[in-house]
There are 2 protein chains.
Amino acid sequence: MAQRRADNIRETLEHLIITGEFSDGDRLDETRLSEHFSVSRTPLREALQMLAASGLLELRPRRGAYVRHPGIIELVQMFEVMAELEGMCGRLAARRLTDEDLIALKGSATACEKALQTGDADAYYRENEQFHSLLYAASGNGFLAEEARRLQRRLQPFRRMQLHVRGRMQQSMAEHQRILAALEKGDAAVVESELKGHIAVQGERFNDLMAHYDRSNKRRTQ
Amino acid sequence: MAQRRADNIRETLEHLIITGEFSDGDRLDETRLSEHFSVSRTPLREALQMLAASGLLELRPRRGAYVRHPGIIELVQMFEVMAELEGMCGRLAARRLTDEDLIALKGSATACEKALQTGDADAYYRENEQFHSLLYAASGNGFLAEEARRLQRRLQPFRRMQLHVRGRMQQSMAEHQRILAALEKGDAAVVESELKGHIAVQGERFNDLMAHYDRSNKRRTQ
DNA sequence: AAGAGAATTTTTGTATACAAGAGAGTTGGC
DNA sequence: GCCAACTCTCTTGTATACAAAAATTCTCTT
């Protein structure tokens, strides 16, 4: 991919869609957008196709590009898959972990703890993401790591919301510690189940989460 | 997606890449290809980007599109993930299976058996693919089913090769029967482990498979 | 003669121009 | 007065034209 402009536009649009600037079902007008970005329709269309490929848009032939936000059912399903992938990463990592991996993971966990103590949810979110990415890499399966990152990215805004649920950050941190301990012992089964739970809880607690989601939706729709 | 021409071209090119008409590292010339397909470069480029999005090409900015075949390591990793996803589908399906799902799966298994008895490897391949697709759907998780199908599609040519390994078809059929039996009993753990094994064996027996692969590669390179 | 640098050529990336399908609005018929 | 068909417009899909960056070749110098 990655011709300069098309890729920049993709990134910007992706952000706008993910942060909810565009609502589900919105139609993206090529001409309007190309004027907005001061480019021709050619690179803009390339951006739209990339977004469609990653599932953020639906391209209906001769009809246009429509924003496609996952509904609650689809979100639960995505978290279900994410839990499985993370569990798999953990299971493999427990067997294949290198010393460098462990050091990096511990460093990341420390950074998480620091963010937790200062109460900086954004920083915690970033460090948490880093912790999980390191774990994916530690699985020793590059393809799995890529797939996990892809889905992580897709679920990004929803995982972020989770952190605003009362007490979730503390619980998340405790889970990280248990995961690290089990990893160090090489206990694949525990790592796998801890990680599955660590993610699955986000799907299961969706009532809380959707309350937040709906309210932020309403706020921006008004 | 799916503007008429770009999508047709994508399909054709995908076939050419998957069947090995293009080798790893081959550079695809936009002008040459657009002349070959009697279209302009615009829809052709769209096709290239779709192929890049699904991992069949690498688009290096200002350098062109390069065919990207998975190496043996990546293939093993992909099968490892496929096994996990199939196992997950099976586990969920054991819990969520409807009567219609079971009937459809049984029908598909019967069709597999018929193909096996007539020794028609192509038919067996098709019916086998159908059996697995039905299983994905039976998981009750549409997102998981889509992801599984995506990866199945990507591994298609390599799974197909497996069937030419001596005795693999018979073994595969027996595994299907055991999976069906466990599904009917609702034994999620057995279904999951049977399916994991059913796929993982393909990754593990990669020495046999690669012997075939290399020979067919050599044959067409000459 | 070999290597570095400049000019040329080739190829990708972007803009614009053109074609054609979908949708809305209008008009004619019943 | 309502429905249907036709036209007109608007938007997408495709072709072509243009710009800019690599790659290649040629030349000049050492």
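For clarity, every value in this text was computed on a predicted model and none was experimentally measured. Letters go in sequence order (proteins before strands), and every chain restarts at 1.
Near DNA chain C, meaning a heavy atom under 4.0 Å from it, residues 24-36 of chain A has no residue at all.
Ranking D:dA15, C:dG13, D:dG13 by closeness to the A:Arg41 side chain, first place goes to D:dG13. Closest approach to the A:Val39 side chain among C:dT14, D:dG13, C:dA15 is made by C:dA15 (side chain taken as heavy atoms from C-beta onward).
Atom CG of A:Leu44 is separated from atom P of C:dG13 by 17 Å (rounded to the nearest Å). In this structure, B:Leu59 places its CG atom 10 Å from P of C:dT12, rounding to the nearest Å. Rounded to an integer number of Å, the gap from B:Arg62 CZ to C:dT11 P is 15 Å. Straight-line distance from the CZ atom of B:Arg10 to the C1' atom of D:dG13: 17 Å, rounded to whole Å.
Listed pair A:Arg5 / C:dG13 fails the phosphate criterion, with no side-chain N or O lying under 4.0 Å from OP1 or OP2. A close approach under 4.0 Å does not occur between any side-chain nitrogen or oxygen of A:Ser40 and OP1 or OP2 of C:dT14. Here B:Thr42 does not reach the OP1 or OP2 of D:dT14: none of its side-chain N or O atoms lies under 4.0 Å away.
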CA sep, side-chain torsions, deciding dist, call: A:Glu129, A:Arg126, salt bridge (Lys or Arg N to Asp or Glu O under 4.0 Å): CA-CA 5 Å; A:Glu129 193 177 63; A:Arg126 276 197 310 277; over 6 Å; no
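Among residues at least two apart or in separate chains, salt bridge (Lys or Arg N to Asp or Glu O under 4.0 Å) pairs with a member in residues 78-95 of chain B are A:Glu84-B:Arg91, A:Arg91-B:Glu84, A:Arg96-B:Glu80, B:Glu84-B:Lys196, B:Glu86-B:Arg159, B:Arg91-B:Glu192.
Annotation: ring pair (Phe, Tyr, Trp, His ring centres under 6.0 Å) contacts of B:Phe131 (sequence neighbours excluded): B:His176. Applying the salt bridge (Lys or Arg N to Asp or Glu O under 4.0 Å) rule to B:Lys114 yields no partners; only residues at least two apart in sequence or on another chain are considered. Contacts of B:Asp122 classified as salt bridge (Lys or Arg N to Asp or Glu O under 4.0 Å), with partners at least two apart in sequence or in another chain: B:Arg160. By the side-chain contact (heavy atoms from CB on, under 4.5 Å) test, A:Ser54 pairs with A:Leu56, sequence neighbours left out.
Backbone-only contact: A:Arg63 has heavy atoms under 4.0 Å from sugar-phosphate atoms and none from a base.
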